[in-house]
There are 2 protein chains.
Amino acid sequence: MTASGRSISVPRPTLERLPGYLSYLKIYHSRGMTHISATRIAEDLKLHHVQVRKDLASISSGGRPRTGYEIAALIEDIDSFLGYGKVRTAVLVGAGQLGRTLLSYQGFADYGLEIIAAFDVNEEIIGSRIAGKPVYSIDELQNVCRRMDVHIGIITVPMTQAQHVCDLLADSGILAVWNFAPVHLRVPEHVIVQNENMAVSLAILSKQLDERLTAADKYSGNDDSV
Amino acid sequence: MTASGRSISVPRPTLERLPGYLSYLKIYHSRGMTHISATRIAEDLKLHHVQVRKDLASISSGGRPRTGYEIAALIEDIDSFLGYGKVRTAVLVGAGQLGRTLLSYQGFADYGLEIIAAFDVNEEIIGSRIAGKPVYSIDELQNVCRRMDVHIGIITVPMTQAQHVCDLLADSGILAVWNFAPVHLRVPEHVIVQNENMAVSLAILSKQLDERLTAADKYSGNDDSV
DNA sequence: TAGATTGTTAATCGATTAACAATC
DNA sequence: TAGATTGTTAATCGATTAACAATC
């Protein structure tokens, strides 16, 4: 409804929360609910209600006192803002286990990402298809990227080859790299890198778990209360 | 050297940057470099040099004027702080394509994560092994988790079943859920959820790419400079 | 020594939260 | 109407950055 086309700029934290709202709202939408309050969302998502209102206000036209926000409109607005509607083509380099998994993943369609081809050095799979997508020799990378005007490159090669592949992608006119290899990539100025960083997730999870466990130890360890 | 055992608390943003430092430092370490300056790190990682010093100071014993930080010590300290050294056991639910990929992924060992078993409903794979790990019926979940005292559960089932599986995990004494399904999970107070959120990564990547592309349009569109 | 570098204290910036007014 | 709810303005909080002192 609102928030289409021209990219309104939102704070980074807001941008990171938007996909969360979206998946949350979709659940209630699928259950037939039509409206929801910021208070309710905040409670469920463990956020502050004012924060929820600000986030939603930045990309949507707002709710109404007493009735709250219209779920369908919110979904529409977030989806459109995040650009999940328009298709973006991407190439994937490294058709190993992880690469094959991403090639087969149906869910990307919901986010507007379409992987049009994979590249590898393994002669045995070059020329074949994975999940319907052609696997080419890495030597074809530049060719294909330029011809198809692809801007996104996905790296799913072993860490030792990630930098080299990244350089090849940059040379092929790729502007955004989605990196699944657990290494830091050095890129030219104009190239964006997004690391899909399981190490970060795991670190956060572990640290929080540690805190919980040591806190729990305090209770069970020496129970001098009561 | 420092920063082992007792969990020093660092700001969330710092925690999120630490894995980045680690992978960056490992590259130079493997090339035989022994020391590095915060200035250099900051430049390469596109951070502020004071920020780098603060981050490193929070988990390490510090560097020396003129010579900088000792790379090996930093690696050791970050590794130890993030708890990548000690082994944490986990179970995985959903041995589909993504589940199998995670089961086969060797890299988790570097982060101290050991997936000890997988669970599924598919009779055809129950009783088999994937990457050496046993696949059990989902009915065995509670049994195994309690017997092995497992605290981490990884969810790789389709989104429609994620909440149900999450409930089962919570009932099995799991304290931390690593969720790969693109849905919001509702959990009891004491359970931590970490979403591995490709939607968030993709949203950030897309938005940044959009900005670059529209900025570039401005130049190429009407080139009235020069 | 001079200068590269670390480390610290204070200023700034941006996001979150609190307080309150507006609306259905 | 009363009260649930949105929306806005101001206060707070926390992280980043700037300025400067300390050190090898």
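Just so it is clear: chains get the letters A, B, ... in the order the sequence lines come, proteins before strands, and each one is counted from 1. For clarity, every value in this text was computed on a predicted model and none was experimentally measured.
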Relative to the 5' end of DNA chain D, which residue comes earlier, Thr67(B) or Thr39(A), by the nucleotide with the nearest heavy atom?
Thr39(A)

Out of dT6(C), dT16(C), dC24(D), minimum distance to the side chain of Arg66(B) belongs to dC24(D)

Using both distances under 3.5 Å as the test, list the Watson-Crick or G-U wobble partner of dC20(C), or none.
dG7(D)

Is any side-chain heavy atom of Phe108(A) less than 4.5 Å from a side-chain heavy atom of Leu103(A)?
no

Which base, if any, makes a Watson-Crick or G-U wobble pair with dT12(D), both distances under 3.5 Å?
dA15(C)

Below 30° counts as parallel, above 60° as perpendicular, anything between as tilted: where do the rings of His184(B) and Tyr24(A) land?
perpendicular

How long is the line joining CD of Gln51(A) and P of dA19(C), in whole Å?
17 Å

When we call it a touch if two heavy atoms are under 4.0 Å apart, what does Ala38(B) touch: a base, just sugar-phosphate, or nothing?
sugar-phosphate

How long is the line joining CD of Glu43(A) and P of dT5(D), in whole Å?
11 Å

Of the candidate nucleotides dT8(C), dT17(C), dA15(C), which contains the atom at the shortest distance from the side chain of Val50(B)?
dT8(C)

I need the CG-C1' distance between Asp55(A) and dG14(C), as an integer number of Å.
14 Å

Does the ring of Tyr21(B) carry Lys26(B) above it, NZ/CZ under 6.0 angstrom from centre and within 45° of its axis?
no

Nearest of dT6(C), dT16(C), dA4(D) to any side-chain atom of Pro65(A)?
dA4(D)

Would you say Arg53(B) reaches dT6(C)'s phosphate, i.e. side-chain N/O to OP1/OP2 under 4.0 Å?
yes

First encountered from the 5' end of DNA chain C, between Arg12(A) and Arg64(A)
Arg12(A)

Value in whole Å for how far the P atom of dA15(C) lies from CD of Glu16(A)
11 Å

Taking atom types as modelled, is there a side-chain donor on Thr101(B) or Thr101(A) under 3.5 Å from an acceptor on the other?
yes

Tell me what Arg17(A) touches on the nucleic acid: a base, only sugar-phosphate, or nothing, going by heavy atoms under 4.0 Å.
sugar-phosphate

Closest to side chain of Lys54(A), choosing from dT16(D), dT16(C), dT6(D)
dT16(C)

Ranking dT5(C), dT6(D), dT17(D) by distance to the side chain of His48(B), first place goes to dT17(D)

If we ignore angles and hydrogens, is there a donor and acceptor under 3.5 Å between the side chains of Gln51(A) and Asp55(A)?
no

Phosphate-side-chain proximity, Tyr69(A) and dG7(D), N/O vs OP1/OP2 below 4.0 Å:
yes

When the distance from CG of Leu47(A) to C1' of dT16(C) is rounded to whole Å, what number comes out?
11 Å

Gap between atoms CD1 and P, on Ile36(A) and dT5(D) respectively (whole Å)
11 Å

